[in-house]
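Data block below; observations after.
On a predicted model such as this, the values are computed, not experimentally measured, just so you know. Chain A is the first sequence line, chain B the second, and so forth, proteins listed ahead of strands; every chain is numbered from 1.
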Protein chains: 2
Amino acid sequence: MTGNSLDRHMPLYAQRTAGMRASAVRSLFAVANRPEVVSLAGGMPYLQSLPLESVAAEAAQLIAQDGLTALQYGSGQGILELREQICQVMALEGITAHPDDVTVTVGSQMALDLVTRIFCDPGDVILAEAPSYVGALTTFASYQAKVVHIEMDSDGLIPSAVSAAIESVRAAGGRIKFLYTIPNFHNPAGVTMSDARRQELAKICREANIPILEDNPYGLLGFDDKIRRSIRADDAENVIYLGSFSKTFAPGLRVGWVLAPHAVREKLVLANESATLNPPVFNQMMVSRYLANFDWQSQVKAYRHTYAERRDAMIQALETHMPEGTTWTNPEGGFFVWVTLPEGFDTAAMLPRAVTARVAYVPGTAFYADGLGSRQMRLSFCFPTPERIVEGIRRLATVLDNELDVMRTFGATTAALPAYKANRGPSSPSPDIY
Amino acid sequence: MTGNSLDRHMPLYAQRTAGMRASAVRSLFAVANRPEVVSLAGGMPYLQSLPLESVAAEAAQLIAQDGLTALQYGSGQGILELREQICQVMALEGITAHPDDVTVTVGSQMALDLVTRIFCDPGDVILAEAPSYVGALTTFASYQAKVVHIEMDSDGLIPSAVSAAIESVRAAGGRIKFLYTIPNFHNPAGVTMSDARRQELAKICREANIPILEDNPYGLLGFDDKIRRSIRADDAENVIYLGSFSKTFAPGLRVGWVLAPHAVREKLVLANESATLNPPVFNQMMVSRYLANFDWQSQVKAYRHTYAERRDAMIQALETHMPEGTTWTNPEGGFFVWVTLPEGFDTAAMLPRAVTARVAYVPGTAFYADGLGSRQMRLSFCFPTPERIVEGIRRLATVLDNELDVMRTFGATTAALPAYKANRGPSSPSPDIY
């Protein structure tokens, strides 16, 4: 995608830069953002229920009262008051933590970047679910780490598969640096790891001396109003925990965090300073005020209610409209449903036709480092209204029916549009596919 | 500083992590921030003259009117309106640029990180002024790049020294990836590159196919109210330009940018997305509104007046109080004076005694990758009032006089406090030494 014979800097790029490429579907998403298209692609939270007038007043007060601090440089670790509040938020998931072990980051994406930065040399191996979060895969690729995907079922990562992967990677001389997992309401798979699996996974990784990178942006968005106990709650030494305010408050402030064992935390702060000097102080103080002065837990409950309704609309529409042989996950929380189409479909090849039919999704290949996922797609129910979701699934069903017609007549369509098969595997996450 | 035998993750860290270390002087700066200490160390802009009430009202309006955009995910390149305004800001320095070639970053520190990320493999060489910005040296080290310092005089980088460095690095098989320079009101050296030197430098680098990384945070802070023409203004193909709103508006929002040739810009956006998904949208829209709705150029003029007065106070106090043989630069703008003490002084070893005498500075060694700078110190005049600056210099002079007494009696003091000599070269920039 990038670079051409006119780029005089071509001989100067780092080796890692060769792995950075724009998604082939990126240009399609520009079209997908038109209002007439129902986008089931984006992972944007539905902010409409935020009390904007009160948040506005809070921002004004913050600048008027504390502007000289909020608008100034700050600490590379993040402000203490927010780190204390973050510990209270994590306590909801059973975590006991000290604010000194928390580092505030520019969204948890920056935390992913920093953790990878301090652990991974080129060629190092990261274990991750199959499929996995596209933004993590992109970051891992940017540090030239190799991702080995591990099978999941409806209870999350399969422990025997984890053990087998560790053994085979090590037998082949691979250096495993950590295991990356999203235990709750997985992006994109929509499944949640069972409690028993969490214990097993923690034990396997502890014994193998492989840290677990537990990424938990959706943890408070369980539709049954229950909060799952985090892996970190039972293993403070071997788990690095990533959290975010993007889904519980607002992604536009880019405030996330990482909780890590002390020696790791020391390195994370240095890496944070090297990357940004410090996360924006205004944004941290704003989140801190939001947590202190708003009934944020009721707001999260309202989000849960909104998203649960949309999940229901999507699942019901899938049941009504999907062709035979199609399967999907039924998430207990979060934003995403993972759909597997029957043999012969190619979701990447089909995307332009879907967008033409005014519905968008993310092809499954985006979520694999190894080229799998061609029959899968991620559908998100977080942003469109239930009515729009139903309409989107109806349009998608029409596209699938047309594909089936073509397949019955001419065979599988995969070869039809090679342009959209060119860039398999992770590529830079556009805003549409967070 | 970091890591110890209790760190179970020690065998898992990346090679680059070995180069990340906390500054030995960091703990001293915690003391230096006490109100009784005159800190001439920090590079914090003096925000007191910002119209906080109006900025507060603007923030409230932004959230009330555009909150659903400002608080949402955004583009990895940054919002278009701000990129257009950034082009207008750069036009003041003679730059003609298209908004499509601008990438907004989390402060220009993140831009430094991204540029290094896409260009530098371990062992690659970056040419930089001697001394150079500590935050850049830290970032370069975090990517395992090797810095080769090049001599400056009062007109900035010496062209013949640049040519000689290129030749000798290449003769030794070194791969030079770019030349990093702060042409205006250098941090820490306080000198400004002459127009003739800019032309010469651009020509040398263009012919050697070495991109110039022009870092210009202080460009609008010239005390003579003149705006120097940027190097980028006369070379759009071989210069990557870094800008920042930290000194013209507010560092707490962390909004900077990079202007790069198109092919490089494409890679920067991908790297930006991999690092943070996108820079905070709220912060970008806030800066955009500030530029659109405030008389920001008059505000910058007020800053210039404030800083010029403080520079004058510092220079006069240095003339009055410094011991014979001490020299210093007399900056035409920016924040910093670079002081060279007579033979025998060691500014790192002396710092604890200075802090005890209630004055702080940054030892010169922080600004070199190669251990030089032991007789130098950076004094900043941006934050304390003129009265405090004069008092600080008076205290510093007392410390120097005491050192001289000891040296006359016992010889040089350098061996006296080895703890403060341990960590030479760049180390993580604490907020106190930006």
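- The side-chain heavy atoms of B:Tyr290 and B:Phe245, taken from C-beta on, include no pair separated by under 4.5 Å.
- Looking at B:Ala275, the atoms closer than 4.5 Å to chain A (heavy atoms on both sides) sit in the backbone and in the side chain alike.
- A:Ile79 has its side chain out of reach of A:Val104: every pair of non-hydrogen atoms, C-beta onward, lies at least 4.5 Å apart.
- Residue B:Thr139 touches chain A through both its backbone and its side chain, counting heavy-atom pairs closer than 4.5 Å.
- Interface check for chain A: of the options B:Pro279, B:Pro211, B:Gly107, the most heavy-atom pairs under 4.5 Å are formed by B:Pro211.
- Proximity to chain A (any heavy atom under 4.5 Å) is shown, for B:Arg117, by both the backbone and the side chain.
- When each of A:Leu114, A:Ile176, A:Asp113 is checked for heavy-atom pairs under 4.5 Å with chain B, A:Asp113 comes out on top.
- Residue with the most contacts toward chain B among A:Ala18, A:Ala57, A:Ala56: A:Ala56 (heavy-atom pairs, distance under 4.5 Å).
- The candidate with the highest count of non-hydrogen atom pairs below 4.5 Å against chain B, out of A:Lys177, A:Met110, A:Gln72, A:Glu237, is A:Gln72.
- Looking only at heavy-atom pairs under 4.5 Å with chain A, the residue among B:Val281, B:Asn238, B:Thr105, B:Thr116 that has the most is B:Asn238.
- When heavy atoms are compared at a cutoff of 4.5 Å, A:Leu50 approaches chain B solely by way of its side chain, counted from C-beta outward.
- Ring centroid separation for the pair B:Phe282 and A:Phe282 comes in under the 6.0 Å cut-off.
- For B:Asp121, the parts sitting under 4.5 Å from any heavy atom of chain A are the backbone and the side chain alike.
- Partners of B:Ser54 by side chain to side chain donor-acceptor pair (under 3.5 Å), not counting sequence neighbours: none found.
- Taking the six-membered ring where tryptophan is involved, the planes of A:Tyr46 and A:Phe383 are perpendicular, since the angle between them exceeds 60° and thus also 30°.
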Expected list for residues 58-66 of chain A: side-chain donor-acceptor pairs under 3.5 angstrom, two or more places apart:
| from | atom 1 | to | atom 2 | distance (Å) |
| --- | --- | --- | --- | --- |
| A:Glu58 | OE2 | A:Arg289 | NH1 | 3.1 |
| A:Glu58 | OE2 | A:Asn293 | ND2 | 2.6 |
| A:Gln65 | OE1 | A:Arg289 | NH2 | 2.9 |

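- Contacts of B:Gln15 with chain A are made by both backbone and side-chain atoms, with heavy-atom separations under 4.5 Å.
- Using a 4.5 Å cut-off between heavy atoms, B:Pro45 contacts chain A through both its backbone and its side chain.
- A donor and an acceptor atom, one from each side chain of A:Asn209 and B:Arg8, are located under 3.5 Å apart.
- With a threshold of 4.5 angstrom between heavy atoms, A:Gln284 does not approach chain B through any atom at all.
- In this structure, the side chains of A:His9 and B:Phe178 stay at 4.5 Å or more apart for every pair of heavy atoms.
- Contact annotation: the side chain of B:Asn272 never approaches that of B:Gln77 to less than 4.5 Å [non-hydrogen atoms, C-beta and beyond].
- No part of B:Leu112 comes within reach of chain A, as not one of its non-hydrogen atoms sits under 4.5 angstrom from that chain.
- The shortest distance between side-chain heavy atoms of A:Tyr303 and A:Leu47 falls below 4.5 Å.
- When B:Gly67, B:Ser246, B:Ala250, B:Pro280 are compared by the number of non-hydrogen pairs under 4.5 Å with chain A, B:Pro280 comes out ahead.
- Contacts between B:Arg265 and chain A at a heavy-atom distance below 4.5 Å are absent for every atom of the residue.
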